[in-house]
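Accompanying notes for the structure given below.
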2 protein chains.
Amino acid sequence: MGEGVEWALHCCVDLALGGAGRAVPAARLAAYHDLPPVYFNKQLQALARAGIVVSVPGPRGGFRLARPPEQITFMDVVVAIEGPDPAFRCAEIRRRGPGAGDPAADPGPCLIDEAMRGAELAWRSALAARTVADIAGAVRERAPDVPERIRGWLAASRT
Amino acid sequence: MGEGVEWALHCCVDLALGGAGRAVPAARLAAYHDLPPVYFNKQLQALARAGIVVSVPGPRGGFRLARPPEQITFMDVVVAIEGPDPAFRCAEIRRRGPGAGDPAADPGPCLIDEAMRGAELAWRSALAARTVADIAGAVRERAPDVPERIRGWLAASRT
DNA sequence: GCACATTTACTCGGATACTATATGTCCGAGTTCAAACGG
DNA sequence: CCGTTTGAACTCGGACATATAGTATCCGAGTAAATGTGC
């Protein structure tokens with residue numbers, strides 16, 4: 001799994017805690033965690049295409065969350081960065097070579113594929129059950145001073 | 001996820017249904033599903049290193065299951081092929097750049113990492129709950145003639 | 001003093017190189033079997 | 001006829017190229033704001 005997923009998740013939490021509805025430039029978000037600025041911009045574009053953040057061009061522009069953090073699940077972010085395809089892709093190798101039975105007969109669903117899809121469904125369900133707001137809330141409870149610090153740093157004048 | 005996982009899973013099921021305790025050459029197993037013979041041999045070596053199959057050198061050699069199919073889970077096979085590392089790897093980017101708080105203070109576990117690990121645990125649990133014997137049993141029930149066909153083809157003389 | 005046109009600076013956005021992983025291939029070490037040889 | 005020796009064929013095993021996807025970077029299009037100008 002690409003590391004852009006971790007970047008995007010932290011970014012969404014940062015915006016939820018310190019964004020305050022204002023647009024924050026990609027470069028500033030990247031600098032906050034010392035990430036490669038231009039490449040991180042690419043990940044943000046993926047989030048924008050998925051409708052998780054909205055991009056604002058021009059001066060005072062940047063990115064802000066497109067909807068309340070309660071409505072942004074981990075699953076949404078992972079799909080936006082990694083793509084919608086499942087990790088396991090059944091190539092139907094049972095239909096190839098001497099192992100293939102009668103091509104006209106219906107062999108029914110591939111049991112191996114079913115098992116792998118079931119496991120992946122469990123993974124996706126667990127991701128869909130966690131939202132950005134969950135993390136933000138836990139951070140507020142654990143360290144109440146952190147949100148204000150993020151807010152101030154993200155809004156600071158550009159150097 | 002690499003496609004070798006699918007190959008290895010089908011291979012284990014084939015051995016469970018038609019291996020009959022005898023060693024089957026890698027080339028024969030590969031030909032059964034029209035797979036690249038030498039590269040597939042590589043995947044079998046990974047299964048052998050993981051203790052899922054045992055390799056027998058020399059003429060009449062090949063691979064056979066190392067233990068009963070009931071004791072071979074999907075999780076075992078996936079770990080053998082893909083490696084034991086989790087898909088999501090937390091790089092602790094929160095500790096880098098201006099976002100990092102006091103380096104001496106303990107920030108507690110990364111909540112994002114915890115959520116991702118929880119989801120991956122659900123995935124692994126689902127995979128660990130399915131065994132090669134489950135698939136083999138379902139195939140026997142659905143198409144009782146298939147096991148004998150596999151058995152005969154795998155044991156056929158080399159051409 | 002106010003409205004407007006112009007310039008400027010700043011932002012995102014897609015097109016372009018580079019690197020790591022996964023895929024595919026090759027040849028050598030080891031082992032078993034079979035056949036030939038000698039007793 | 002039987003035991004031993006020798007050879008050969010077949011197997012796995014790790015080392016060596018290639019293709020694909022992820023990583024990183026650059027420069028151009030667009031926009032809002034600030035500035036300067038005219039009324």
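Only heavy atoms go into these numbers, but all of them, side chains included; no hydrogens, no water, no symmetry mates. Residue numbers begin at 1 in each chain, while the letters A, B, ... track the order of the sequences.
- Counting heavy atoms from C-beta on, the side chains of A/Met1 and A/Glu6 never come closer than 4.5 Å.
- Residues B/Leu9 and B/Val13 fail the side-chain proximity criterion, which asks for heavy atoms closer than 4.5 Å.
- Between B/Ile81 atom CD1 and C/dT23 atom C1' there is a gap of 13 Å when expressed in whole angstrom units.
- When rounded to the nearest whole Å, the span between NZ of A/Lys42 and P of D/dC26 equals 14 Å.
- If you take CE of A/Met1 and C1' of D/dG22, they are 14 Å apart, rounded to a whole angstrom.
- The pair B/Asp14-A/Arg94 does not meet the salt-bridge criterion, since no charged nitrogen lies less than 4.0 angstrom from a carboxylate oxygen.
- Following rounding to the nearest Å, B/Leu35 (CG) and C/dG24 (P) show an atom-to-atom distance of 10 Å.
- One interatomic measurement links the two molecules: CZ of B/Phe40 to P of C/dC26, which rounds to 18 Å at whole-angstrom precision.
- Computed from coordinates, the A/Asn41 CG to C/dA15 C1' distance equals 14 Å when rounded to whole Å.
- The shortest side-chain heavy-atom distance between A/Met75 and A/Arg124 falls under the 4.5 Å cut-off.
- The side chain of B/Pro36 approaches C/dG24 more closely than any other nucleotide in the set C/dG24, C/dG13, C/dT11.
- Side-chain proximity of A/Glu3 to C/dG13, D/dA24, D/dG13: nearest is D/dA24.
- Looking only at side-chain heavy atoms (C-beta outward), B/Cys110 and A/His10 come within less than 4.5 Å of each other.
- The shortest distance between the side-chain N/O atoms of B/Arg60 and the OP1/OP2 oxygens of D/dC12 is not below 4.0 Å.
- Mapped onto DNA chain C by nearest heavy atom, A/Ser55 and A/Pro59 fall at different nucleotides, with A/Pro59 at the one closer to the 5' end.
- Residues A/Val38 and B/Leu44 each lie close to DNA chain D; by heavy-atom proximity, the contact nearer the 5' end of the strand is made by B/Leu44.
- Listed pair B/Tyr39 / C/dT23 meets the phosphate criterion, a side-chain N or O lying under 4.0 Å from OP1 or OP2.
- The distance between atom CD of B/Gln45 and atom P of D/dG14, rounded to the nearest whole Å, is 5 Å.
- At the heavy-atom level, A/Ala26 lies under 4.0 Å from the strands shown only through sugar-phosphate atoms.
- One can place CG of B/Asp34 at 12 Å from P of C/dG24, the figure rounded to the nearest angstrom.
- Residue-level contact check: B/Gly4 touches neither bases nor backbone, having no heavy atom under 4.0 Å from any strand.
- With DNA chain D read from its 5' end, the first of the two nearest nucleotides for A/Pro57 and B/Arg49 is the one closest to B/Arg49.
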